[in-house]
Participant: 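Have a look at this one.
Heavy-atom basis, side chains included; hydrogens, waters and symmetry copies ignored. The chains referred to below are lettered A, B, ... by the order of the sequence lines, with proteins before strands, and numbering in each begins at 1.
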Number of protein chains: 4
Amino acid sequence: MRTRDLILEEALKLFSEKGIKETTIRDIAKAVGITEGAIYRHFESKDQIVYELFDTYSSQLYEKMERAIKRGKDTEEKFRNMVMSFLDFAFKNPDAFRYLNLFHYLRGKEVKKFKHIPFLLLKDFILNMDREGLLRIEPEYALAMVTGTLERVFLYKNMGILKGRQDEVKKKTAELLWKSLTKC
Amino acid sequence: MRTRDLILEEALKLFSEKGIKETTIRDIAKAVGITEGAIYRHFESKDQIVYELFDTYSSQLYEKMERAIKRGKDTEEKFRNMVMSFLDFAFKNPDAFRYLNLFHYLRGKEVKKFKHIPFLLLKDFILNMDREGLLRIEPEYALAMVTGTLERVFLYKNMGILKGRQDEVKKKTAELLWKSLTKC
Amino acid sequence: MRTRDLILEEALKLFSEKGIKETTIRDIAKAVGITEGAIYRHFESKDQIVYELFDTYSSQLYEKMERAIKRGKDTEEKFRNMVMSFLDFAFKNPDAFRYLNLFHYLRGKEVKKFKHIPFLLLKDFILNMDREGLLRIEPEYALAMVTGTLERVFLYKNMGILKGRQDEVKKKTAELLWKSLTKC
Amino acid sequence: MRTRDLILEEALKLFSEKGIKETTIRDIAKAVGITEGAIYRHFESKDQIVYELFDTYSSQLYEKMERAIKRGKDTEEKFRNMVMSFLDFAFKNPDAFRYLNLFHYLRGKEVKKFKHIPFLLLKDFILNMDREGLLRIEPEYALAMVTGTLERVFLYKNMGILKGRQDEVKKKTAELLWKSLTKC
DNA sequence: CATGAATGAGGTTTCATTCAT
DNA sequence: TATGAATGAAACCTCATTCAT
């Protein structure tokens, strides 16, 4: 069953580099070192690969964030842990993270088939912060700021615009977001 | 020469809705009410349409931001004007804005063929703020926060997550970003 | 729109000779003298060709039989006319007739999408003969005998087993069936 | 050697239900509960399965009819026995019978490889009836009527159009055909 | 300027068959 | 004998682009 994983691995790489439509089954097969037909012994269709990759990694990120939140003593620590685990996942799985981001601009309704959407976890957390009276801005703006900043921090780190060690970046981003969101 | 503009108009709509690869020349022709062949009277290729749309709207946004900056008396007003003009463009041309965003995750090098990249204007502005000693965070982080937040504010407004009048949203976002970036 | 008809014509020929699954789009394209892609300007799919051919020719046969029945003065003449028009169609459109027969053994429920099924006309006619007290055998057996004999007469005529002029064959078959069905 | 028979059994079922081309080696393997490769331990190719099934069942039907004929005292009883044994086979082996019928409209020359073709037996019998002066119609028409009616009686019985016990149907059909063929 | 049929390359998928285990 | 992954050819279909009209 090694081949199946190889297919997923190479598909993820290619999808995140070139886009889903731009990646052909032949591209994937070539990357794995098999023929096109062989892929269909492991997956029913290209769509299934697309789906499975999304499901796997969004669940993975979701659970990582969930665990990170639980590890925190108070809301601030929970928030920082969550942000840092988010970036940790992105830095360790850049392809997967880029891949997950492909779905922001493409779908919407179809995403509801999936078990765990990290975005929803983040949203709940921030709504909770609001209920606790911690936010100095409306929660929707806070959400936009957190998700947007996190995505860009990853992007700019990967593009070389943002320098420094990963640990440092994670810490600084958590710090910066917490301060921006909460009453000074 | 009206047809040419109609083609661009419909192509923009379709590209931003379904994606570039997912939109066929036939789709565009049908939307305009002409046939496939006719498109090639006006454009050499599909790529040319893609290119021209990007060029047009990135220039438009760039110049709008440029003018907004000039209208400000001091750095704070310049910043607020820039942010607000950015969102103004996005709200008034949602298709164009979504379209421009398609290029963040797909290309990179190829973007260098274009005259005016709004991102570069923003970047320069923030570097300048840093030089003036206004930032309380490193400029790369500031850049990530501004670009990310702006994109998400637009996205969430369009998805209905973020409510309120456009004017209000623009003002609030400018306010929030300025406060987050600068020393309290 | 000539090409569209040519495609139908050649598809009919090939389907009736080799079978539907055994005939490829490429076979049809080659027979017409165009490329495979061109077929899809005229038809959405292979299935649509299959469907349209069935619809066209089953309607045609149905209506031909309907007119033939109307031309008869009494039941006997109506019956003979119907049988003869059935064979007339088969002899003049052997491919179409063979093609229609392909569906006896393949489908069943799906056939209900079609407007005019010759079989149903025949069935009604024979049930009517029964109500008039003309049959010496149960109507279901009469139906089996008529449909079965007609199909085989066509088949054997085409295979050369059954000799003689078409007109003769039509008349003899009508005679033979009428006598077999009715009280001597 | 049980597996070999199971393969034939399931292949027959699938072929007669869905058609030969429409049935894959994988379908057969799954139905038997083995894998694709295993089939090739027992058969050289799919074609061999197709061939062997035809050979087996056409011989079986042929011999059954032969024995039935021998059991009759005079021509009428021989004829009735033959017809009834034919239907008996069809009712007891509907898949096999449907399968044999697939070959009427598909092949022609290739059928000559086979030892025993029931059709030829029937043909000889009827030519003999003609020589004995028993037929009131030309033998080719008689042949068409017999083969056609038999096939349809089976078909309509299976489809539920023709009701009644199998024994009854067999007897009635034999009666009806004998009367239709011979001088009253 | 416009039509729309046609091309040709390439995409996804299917499937009989082979082969290492 | 059996497995099941892999092959390779071929099937259906798509689509940017060309071209005669």
Participant: Go through the structure and list residues passing side-chain contact (heavy atoms from CB on, under 4.5 Å) with Q60(C), not counting sequence neighbours.
Facilitator: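 Q60(C): side-chain contact (heavy atoms from CB on, under 4.5 Å) contacts with T56(C), Y57(C), F89(C).
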Participant: What is the separation between atom NZ on K30(B) and atom P on dA2(E), rounded to the nearest whole Å?
Facilitator: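 Distance check: K30(B) NZ to dA2(E) P gives 19 Å.
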Participant: With K21(A), which residues qualify under salt bridge (Lys or Arg N to Asp or Glu O under 4.0 Å), at least two apart?
Facilitator: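 Once residues adjacent in sequence are excluded, K21(A) has no partner under the salt bridge (Lys or Arg N to Asp or Glu O under 4.0 Å) criterion.
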Participant: Tell me every residue that passes side chain to side chain donor-acceptor pair (under 3.5 Å) with S45(D), counting only those two or more places apart in sequence or in another chain.
Facilitator: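 Counting only residues at least two positions away or on another chain, S45(D) forms no side chain to side chain donor-acceptor pair (under 3.5 Å).
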Participant: Which residues satisfy the side-chain contact (heavy atoms from CB on, under 4.5 Å) test with R41(A), sequence neighbours excluded?
Facilitator: R26(D), E36(D)
Participant: Please identify each residue that fulfils side chain to side chain donor-acceptor pair (under 3.5 Å) with N93(A), with sequence neighbours left out.
Facilitator: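 For N93(A), no residue satisfies side chain to side chain donor-acceptor pair (under 3.5 Å) once neighbours in sequence are set aside.
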Participant: Using atom OH of Y51(B) as one end and atom C1' of dA16(F) as the other, report the distance to the nearest whole Å.
Facilitator: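 That distance rounds to 21 Å.
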Participant: What is the separation between atom CD on Q48(B) and atom C1' on dA16(F), rounded to the nearest whole Å?
Facilitator: 14 Å
Participant: Please name all residues satisfying side-chain contact (heavy atoms from CB on, under 4.5 Å) with T35(C), sequence neighbours left out, ordered by chain then number.
Facilitator: A38(C)
Participant: Less than 4.0 Å between a side-chain N and a carboxylate O, is that true for K30(C) and D27(C)?
Facilitator: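 No, this pair does not count.
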Participant: Give the rounded distance in Å between these two atoms: CZ of F43(D) and P of dA2(F).
Facilitator: 12 Å
Participant: Using a cut-off of 4.0 Å between protein heavy atoms and nucleotide atoms, how would you tag nucleotides 16-21 of chain E 5' to 3' with B, S and -?
Facilitator: SBB---
Participant: Give DNA chain E the dot-bracket treatment, 5' to 3': Watson-Crick (N1-N3 with N6-O4 or O6-N4) or G-U (N1-O2, O6-N3) under 3.5 Å, [ ] crossing, | other strand.
Facilitator: .||||||||||||||||||||
Participant: Please report, rounded to the nearest Å, how far the C1' atom of dT3(E) is from the CD1 atom of I39(B).
Facilitator: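 One finds 13 Å between C1' of dT3(E) and CD1 of I39(B), rounded.
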Participant: Using a cut-off of less than 4.0 Å, is there contact between a side-chain N or O of T3(B) and OP1 or OP2 of dC1(E)?
Facilitator: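 Checking T3(B) against dC1(E): no side-chain N or O falls below 4.0 Å of OP1 or OP2.
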Participant: dT7(F), dA6(F), dA2(F): which one has an atom nearest the side-chain heavy atoms of H42(D)?
Facilitator: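 The answer is dA2(F).
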Participant: Run the side-chain contact (heavy atoms from CB on, under 4.5 Å) test against A90(D) and tell me which residues pass, sequence neighbours left out.
Facilitator: F97(D), F154(D)
